[in-house]
Structure formats: structure tokens, C-alpha cells
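Heavy atoms only: backbone and side chains are in, while hydrogens, waters and symmetry mates are out. In what follows, every chain begins at residue 1, and chains take the letters A, B, ... in the order their sequences are listed.
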Amino acid sequence: MADKLEELESLVFAGKVDIPNTYSAGLVGSRFLIELRDNKKITGIKCPTCNRVYVPPRSTCKYCFGKLSEWVEVSNKGTLLTYAVAYQPSPVQPVEVPIAYGIVQLDGADTGLAHMLGEVDPEQLKVGMKVKAVFKVKKERVASILDIKYFKPLG
Amino acid sequence: MAQEPSQEYIHVAYTMSRPYRWSAGKYLSKLYKEMRDSKKLVTNRCPKCKELLWPPQMVCGRCKVRAGDDWVELSDKGTVAGYTYLVYPLWDPHAGKRVGEDHPYATILLDDGMYMVSRLEEQDKEKLKVGMRVQAVWREEGRGRGLDEDILYFRTIEQ
Amino acid sequence: MAERVAIVAAAQTKYHPDRSDVTEGELAYEAIEKVLQETGLTYADDGTGIDSSVTCSQDFWDGRTMSNLNIISYDGSHLSCEDKIAEDSTNAVYCAFGQILSGQHDIVLVVSHCKESQAEKSIIENAAFDPIFMRLLGFDFLTANALQATRYMYKYGVTAEQFAKVAVKNRGNAKNNPFAQEPMDITVGDVLRSKMLVDPIRLLDTKPTSDGACAMILAREEKARKLTAKPVWISGVSNCYETHYLGDRDLADCDALVSAARRAYDMAGITDPLREIDVAEISEEYSYQELLWMEGLGFCGRGEAGKLIDAGVTQMGGQLPVNPSGGMLSGNPTVVAGMARVAEAAQQLRGEAGDRQVPGAGVALTHGVTGFCGQHQCVVVLSNK
Amino acid sequence: MANRVAIVGIGQTYHKSRRPDVSQPEMANEAVRAALADAQLSMKDIESVFFSNMETFEGIYLPDHGMADEAGSFMKPGFKIASGGTSGIAAAKEAFHFVASGLFSIALVLGFEKHDAGDTTAAITAATTLAWGKGQARGAIGEFAKQASNYMKQSGATEEHAAMVRLKADRCACRNPYAHLRLGLKSVEEILKSGYLEWPLRLLDFCPQSCGACALIIASEEEARRITNKPVWIADVVAVHQEPFRAGAFCDLDGREPYSQDVASTKLYKRNGITNPRRDIDMAEIYEPSNWEEMFLCEVFHFCEENEGWKLIEKGITEIEGEFPVNPSGGVLATNPIGATPTIRVAECALQIRGDAGEHQVTRDVKTAVATALGGPNWTAMVLLRRSL
């Protein structure tokens, strides 16, 4: 045992943690995703007490803790609340960089929906601009948030 | 939108393997290198309670003092303290797949008094006994990849 | 609260881009050993020593379920009490504070560790996003925070130059901090010319990959006075959860921080933070965050933090030096960052901060954040009186 | 002196293998609503929320952040505990500290786990890394299989005794509408026919993977007396952790190392004037991942003498009608959403003390009960509950 501990180089073990996951969308999430897939419609859920329409929908209102069940269809058009353009690639991105991300407040909703932006020059992006949802074609829609391909500038 | 809630439930399947680079630190590395280069188990001794630590480490958990650099070679013989064998292959998060195991595996009380989990060479379940004497069978070319790699399994030896 | 709780010792490792020479436990022990030596304490639950430990780490960063498995021997909790918090480590300080005030424990060791170098940041951070509506879009904290930065600039007219000034100030301050990882002499131009990662965030607006650990010992007043001549009192502390969905709130505001700060200030009896606080250590993982969090902390009105940096209020020698340590931008690991802030502030209040000392500092504000866009905020107010 | 602290609200979900009808936050929400209904409080009354969950089971980093709306923690203080299997009591322990200290008057504890999102055994195996421990653990199953073979050898217990424990658990679970596995098992023989997972641990010897959540509302004395006429007092809490591989985790044959259960319970009993646990405590809800473990745990918690845990089941002492009921809820053998499992132990003890356990209310009057958690490499957390202080 000749090596002095302080002179010893530590071994490093490269590996991974790899456990597949499957997430239940639940009743509310499923209904939202099915509407995307089957009808290209974006739906929200309304709190009758607070008079807010939530997109994405959820089953509890964070302000009054009421149970939510009143579905409303919101427009597939809305206003860009903020944006960012990713130039840095990462393993979690669904498409190639650059990716423009945005938060869109759809007409009829009181919250914004985070998604990607497309068919737009990043230089042209502006908070407040009008955008609309572009859906994937029917056979590519699988009841996923990615059934919306991205939002693109209106007009 | 007055229809009844859908009964179809959506699941989002998501697999994202997370890569890591785990360091063994100097103390474990010393053990692994001795295993690789000399087919020897070694560990360090606490300067206060004089007990052998296992695995080798920087601090004695019992005495809460730095354990230092007092190394001892260990016997690779021991006694089976408990054993079990896998019936269904289980998901191995480090392999990212289901992995079966041909060999039973056991907690072995090494002759120097520490516990070690390893495979047993003996595959005949009738011959497995708590209390049986075993000795490490070393991989011919050491890999320095830890206990599980450089010790193939423990072989039954005479009392 | 009849009782008071003090920090009696605090220590950090030097922060480093890659500590693959040590395990997490060995890394943590570098800091733990210092506080044990400083106080002469050992672990004992008979009233004579440390009677509990609170550790803070994240399973996803350590790459193992139960990341506290690594450090049981090192934090002294073998056959004794340990609790593991899984937020930023300011919350571990908060937890230990509660344990002591409850009468359950007298002296608590608080430890946090993280080795960012051993894991893939974007994959871990992506797993924090709701798996149904957000995760598949490929968000990590950098992209989500960039959305916040854009919104902040839009709503209040804060500029990229002002963000860059934070990066310049903090990396410059780091030159006086022996624990800092990346002290730098840079200009606003350097920041604005650095690589664009996610517009509007550039490379020098972000912190480097960092490994490190922090340890401190908290004690109730009676014990604290025996352990040190320079106790640093926790005079106010609170934390707060924000809503998860990015579009549920105006990202240019940080209501959870406002709420956490209000409760901490009430406890500490602070009514005018800018006037009453002498030094602030704020967790700014991105340069824009120092400005946004300053607004949440009530140092100025909403949208006014840009003016404070322009006026030099937050630089060394200004009315309120912010991050004399160099902050997160100069290199702290996530999880550990909050405790690094507390440890730095404790040194300030003991007058032991060396070249980065703020003269006469008596009251310090420290802050920790967990998650993207300020999902969870924690505020700790410290005082040396 | 610190404030007295009581449990004033208890809620749990129904526990199932799969819950496609709810997302993880929605599942947790069910327990929160149940606890609020039990306490007749609204979310506005809750000042802080303490979470218990283990991220790797569901592969969600910072899961508490994703459910701020559903857990009611939005704009409230709190944090998450993640100390493995003990988390669900550790979170209650922190809530106890924060209320006892006067920092909060009313706090919520929320334990949850949605095991249908991942692979539980794999996630437990991931407690090891390639650098140390690979091959040390085949999830919890391997550990408890070894523990079982040890216990058999050491105590003289037989597979029949283990089967009797499972039979008791199932009889109890069948009386508890919230329990996950309610199999209607009829005989020891039926259990001995179930296949081995890992010898000598049979499929029916081991706990299931459940989706579920459990919430507790914890209040200061002043608030507790206002909220309910049946407060359940938290007399004391304790946690003891242990170095992972020193004692070979679950089998220390030469007895050099004390067990964390022994250290924790000795401390808890001493602090609370309990000299004879079997006499001074009326029942226990313990975290027994396997029926073998239940027999062993009864010994290290000092409910009986060493190597006599199996005699408790043989003599019917731990039955619902027995002298010292253990896990009248059906226990972990019936229901195991890991982040919630210890929280459920506390909840079930509190229900028994209140006399509100319904069909599975034990025969004897419960004035004092102990809830325990088991996690990591044999870590222990305990809560002592009393009807009056």
C-alpha cells in the first residue's frame, strides 16, 4: 500500500440514473389534451367565485381553494406576455435551437400559457404582439401539449 | 361544452436518463485500487476507537473524528450472515433496464468484522446456509470499478 | 418569542468548478470540521454538545435517492437525530431555528452540500416542470428565467446594461472573497458581448458550474453566549411558495418574496429595509435576479432597482452593499447558495469579512431561492445586537 | 416552555395501485380537502405547509413547487422534507417544532406519493451509486428478504408466523375503507402458497406500491381547543439516523451496533415517563415493509422481549381485539405510498385515540399511541400521541 492518500487520484464513475416515468394527466388534464387532439381547441376552467379562467386548466383555484369544474373554450389567439430565445442547446429540448419560447394570454383566459413560438424572426418578437396557435396535423396529434406546434404571429 | 367529462385518461410517458459522474473520493479509491492492482481488500482504522471502518472513509461515524491514513489489509474470507435470491428481474436504474441475477446474493460477515454484500457462487438453493464459510473469487484482470466488479462472487469453502 | 437563536459558527468550502476528488460527505466535512473546531463542540445529545443536525441536499443533484445517506458519518448523526430539507439551504437554517425555538433542541448543526459538476443541469431542472403542460416543451431554469427577465425589462424598463452592471459588480466583489470561485475584472461591455445563451440572458449573466458545501451551528441564547463572544442573531426569518405555472402571474413581480420578506421584517421589527439594513446577500443565480429580488425585498419600489445599481447604492461603499461576497454569480452551487449567503452575512456582522467587510455592519439581509422564476423564496434577517 | 401541540384534522385519500383520474397534485389535494373537512377549517386558516415526498419515485424535481395551488401552499410558508421512508413523520416533526415554537398556530402536513408514475424498487435501488453500494441493494425487497432470513434464523420464527402477521394485516385492512390491498385472505396456507419475490420473502409478505396522500392539521393548544373537542396531543417526536453500511443495514448478527429503533424508542420512552411500553402505551402503528419486519420491530421498539416478536402474533396480542394492537389499519402491508406512509401511521393513531377509526377501531380504549417510520438504511422516526397531556 504504497500510495499516500493525498497523492492518490480519486476514481470517478460515470453512469446514469435511468427510470422511466409515466404521468397521469388526471380528469382535467386529460380533457384539455383530448380537446387539443380531437378538436384543435384550447380549453380553460373557470372559477365561479374568483371569476378567473385558468389555462392550463386545473381542479383547484389557488385564491379561494374552490373545486373547479366549469369548462370554457378559449380562443386559439392571444397576446404575447413575454418571450425568450434559446440559442443554447440542451438535451431536454423538443426541437433544434434556436427555440423561441413565449407566454401567451389567450383571448378569454386570465392566465398565460407557456409554449414555443414559430414562423417568426426572433428580432420581430414584441411583448404585446398578437399570436395564434398552430396545431400539428391530425395524425401527429397524440393528446400532448406538443399537439400545439407553436404560436405564430397573427397576420 | 356541456358534455360529461371524458372517461379517457391521458398518460404522458417520459424517459429522461440522468447522467452523473460519481466520485469515489480518495478513501474508496484506495480500496478499489488495491482490489484492482493487488486483489486485496483494505480499509482504514479509527484512531480513537481503533475499530476498522467499512467502507474506508474520512470520518469515524461513531467517534466523529477524522479517521486518517492507518490502513489495514482485510481477509477476503467470511461467513454468510443472510442471503436471498432474485426471482423476478428488477429494474436497475444504473443499467436502465431489467436485470436478472443468476447468483444468489448474500450479506457476508468478513472475518475482520465488517458486512459486505456480494454474490454467492453456489447456485443450488438447497446448499445455501446462514453460517456457511465463503471466500472471494477475484476477477482475473482487475478493473478498479468497485466491489461488485472486481470480486466476481464468494465461493463456499470448508469450515 | 422569549428565546433567541444565534449562529455561533459558520464555514464554507472554497467553491470550485469540479471537486471530483471527493465524495459529497468528504466535501461537506471540509466545512463541518471548521465549525466543530471553532466551537470545540462534539455531537452529543446529553445537553453538552450538538444535539441534532439539519442537512440540505437534493437527490437529483447527488444522483441518489436519499442524498443525506452520503453524510451521516460526517454530520455526526450516526445514531442521533438528523432531518433533511430539500429546498435551498436557507430553509435548513429556518428549520433549525424552529427546532431550537420549540425547545426540542439546544444546539443544531446545519449542513448543505452540492456538486453541480457531477450532473446535467438542464435535465434535472427540466424535471421540476409540470409533466403534463410544461416539461415536454424543454424548459430548464435558464429558459424560464429568460422569460422572466424579458417581462421584467418590458414592464419596468430595466435594461440589459443594468443587469450587466450587477454581473460586473459581483464578480469584482468576489476578488475580495477567498471562497469565491470566479472573481473577475470585467466591464459592462464584456458582459454584453459574452455569448448569448437564451436571449436576453448571456453567459456572464449566469453563474458557473460550482461544487461546494457550507456548515453552521445554531444555538439558543443561553448556550450561544457560552460558545462565542460574537453570536449572530437570527432576528427574522420566513419563506413562501409561489404558484407553479409561468403564466399564472406577472413574472415581473415576485409576490412570494414580498410575502416572505414582510413576515421576516415583522419578526425583526424592520419597517424601512433600505435604511435599517446595512448589508444584503441575495441569491442571484442570474444577474437580473439581484435587481428583481431587491424590489421584492422592499429595498425600493417595483421597477426601481435598476436606478439603485446605476446610482451605485449597492456597490461596496454604497448605502446598501449587495453581495460583497460576489454572490451566486461568482460561483456557488444551487442548494448551498442560500447558506453561503447566511455564512457571508454572519462574517460581516462579526466584523470578520476581511477585504469585503462593510464597515460597522449591524443588520444583514440574506435570501435564498429555490426553483425557476422564484418558485420558493426564503428570507433570513441577521443582527449582531 | 414551548406551546402544546395537537392534531386537529386528519385526511387521507383512498389508496390504489393506479390513479389515472388524478395528477399528482390533484391526488394530494384530496387529502388536504379531507383534513380541512375533518377540522372544519378552510385553507385560509392554514398558515404553513410541510411536505413529504421522495422525488425519484415519480421523477419530479421539487414536486412541492408543482402543487402550490393544490396543496394550498400558494403564498404560504413551508418546505419539503425528503429523508427517505421517514419523511412522512419528519414533516410532521417539523410542523410540530414550528407550532410548538409559536412561529405558526396552524400548520398542514402533507405526505404523498404517486407510485404509478415510476418504478419504486428501481428508485430505492438508486439510493446506491456506481461509486458505492451497487450490489448492496436490490431495492427494498432485497434488504427485507435478507432481514427475513436473519430473523428466522435468529428468533426461531417460521414462515407460518410471517403468514399470520399478513393474515392479521389483511383482516384489519378489510375493515379500513382507505386501505389499498383488501384481499380477504382466509388462511395461513393461502399465504404460504404465494410465490417468492426473493427468498424467503413472498409476494404476500411484502408491502404494495400505492398511490395516495395523507394530510394532518396541527395546531397550538389555544387553536386546538377552539377547533375541536377531540384534540390529539403530540407528546413528543424523535428521529434517529444511522450510518448506512456500518451495521449491514438490516442484519447485525453480532449485535455490535444498536438498532436505530432501540435508540429512538429508548430516548422517547425515557423522556415521557414510559417504563413499560406494553403497559404504558395502548397501541402502535409501525412502518413494517414486510410481515417479518413487524415481528422484529416489535422487539426493537420494546413491545416484547428479544426474539419473541413472533409470539405476539401467535398469542393474538397484536390483533385489533388484542392487548396491544399493532397496525389495526392494515398497516404498510396493505397500503404504501411511501412519502405518505409514515403520515398515515400518525393519522391512524390519532383516529384510534379519538375513537373515530370506525370498523377498525381497536377494542381497548386508546389513550396513548405511538407511530413510527422506517427509512433509509434502517432510520427511525417516532411520534408519541396522547388523548390528554
Side-chain angles (χ1 to χ4, degrees), chain A residues 1-39 41-46 53 56-57 59 67-74 90-94 108 141-147, chain B residues 1-38 40-44 56-58 66-73 90-98 143-146 148-150:
Chain A
M1 285 180 279
D3 297 351
K4 272 276 192 231
L5 205 60
E6 55 266 31
E7 290 155 18
L8 197 91
E9 196 169 324
S10 295
L11 296 167
V12 174
F13 292 68
K16 61 180 178 177
V17 173
D18 186 348
I19 306 169
N21 295 111
T22 306
Y23 299 104
S24 310
L27 190 63
V28 167
S30 295
R31 182 155 173 183
F32 174 86
L33 296 175
I34 289 167
E35 284 290 335
L36 293 184
R37 180 190 66 192
D38 295 352
N39 304 316
K41 279 181 179 164
I42 303 174
T43 48
I45 212 159
K46 184 175 179 179
V53 174
S59 55
K67 268 190 171 169
L68 305 182
S69 60
E70 193 181 326
W71 287 89
V72 289
E73 185 185 333
V74 298
S90 91
V92 297
Q93 288 160 349
R141 294 200 303 268
V142 294
S144 157
I145 191 68
L146 295 175
D147 287 358
Chain B
M1 302 296 294
Q3 77 211 61
E4 281 299 297
S6 163
Q7 290 305 297
E8 180 191 355
Y9 291 119
I10 304 300
H11 294 89
V12 177
Y14 185 85
T15 301
M16 182 60 71
S17 165
R18 296 193 299 276
Y20 291 97
R21 291 164 61 248
W22 292 286
S23 171
K26 291 188 190 294
Y27 290 81
L28 274 178
S29 294
K30 173 110 171 171
L31 166 66
Y32 295 162
K33 287 182 177 181
E34 287 292 341
M35 291 177 70
R36 180 189 65 193
D37 300 339
S38 323
K40 279 177 184 163
L41 292 172
V42 298
T43 197
N44 61 338
Q57 59 189 39
M58 188 195 269
R66 242 180 213 271
D69 214 359
D70 177 10
W71 291 85
V72 178
E73 186 184 326
L90 296 177
W91 189 275
D92 180 343
H94 301 121
K97 60 182 181 190
R98 280 189 189 279
R143 291 176 178 172
R145 302 299 297 170
D148 223 33
E149 289 266 337
D150 281 356

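Heavy-atom pairs under 4.5 Å with chain A were tallied for B:Lys97, B:Arg18, B:Arg21; the largest tally goes to B:Arg18. Chosen from A:Leu33, A:Val142, A:Val17, A:Val28, the residue pairing most often with chain B at heavy-atom distances under 4.5 Å is A:Val17. Between chain B and the options A:Ile145, A:Ile19, A:Val12, the largest number of non-hydrogen pairs under 4.5 Å is found for A:Val12. Of all the listed residues (B:Tyr20, B:Tyr32, B:Tyr27), the one sharing the greatest number of non-hydrogen pairs under 4.5 Å with chain A is B:Tyr20.
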Side chain to side chain contact (heavy atoms under 4.5 Å, CB included) evaluation trace for A:Leu27 with B:Tyr9:
CA-CA 7 Å; A:Leu27 190 63; B:Tyr9 291 119; 3.8 Å; yes
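A:Tyr23 meets the ring-ring contact (aromatic ring centres under 6.0 Å, His included) test with no other residue; sequence neighbours excluded. Looking at residues two or more places apart in sequence or on another chain, you find a side-chain contact (heavy atoms from CB on, under 4.5 Å) between A:Lys16 and A:Asp18, B:Ser17.
The structure places CE of B:Met16 at 11.0 Å from CG of A:Asn21, a figure rounded to the nearest 0.5 Å. Here A:Lys46 contributes atom NZ and A:Trp71 contributes atom CH2; the two are 15.0 Å apart, rounded to the nearest 0.5 Å.
Contact of B:Trp22 with chain A is made through backbone and side chain together, with heavy-atom distances under 4.5 Å. Of the atoms belonging to A:Ser144, not a single heavy atom falls under 4.5 Å from chain B. Both the backbone and the side chain of A:Glu9 have a heavy atom closer than 4.5 Å to some heavy atom of chain B.
Counting only heavy atoms from C-beta outward, the side chains of B:Val42 and B:Leu31 approach each other to under 4.5 Å.
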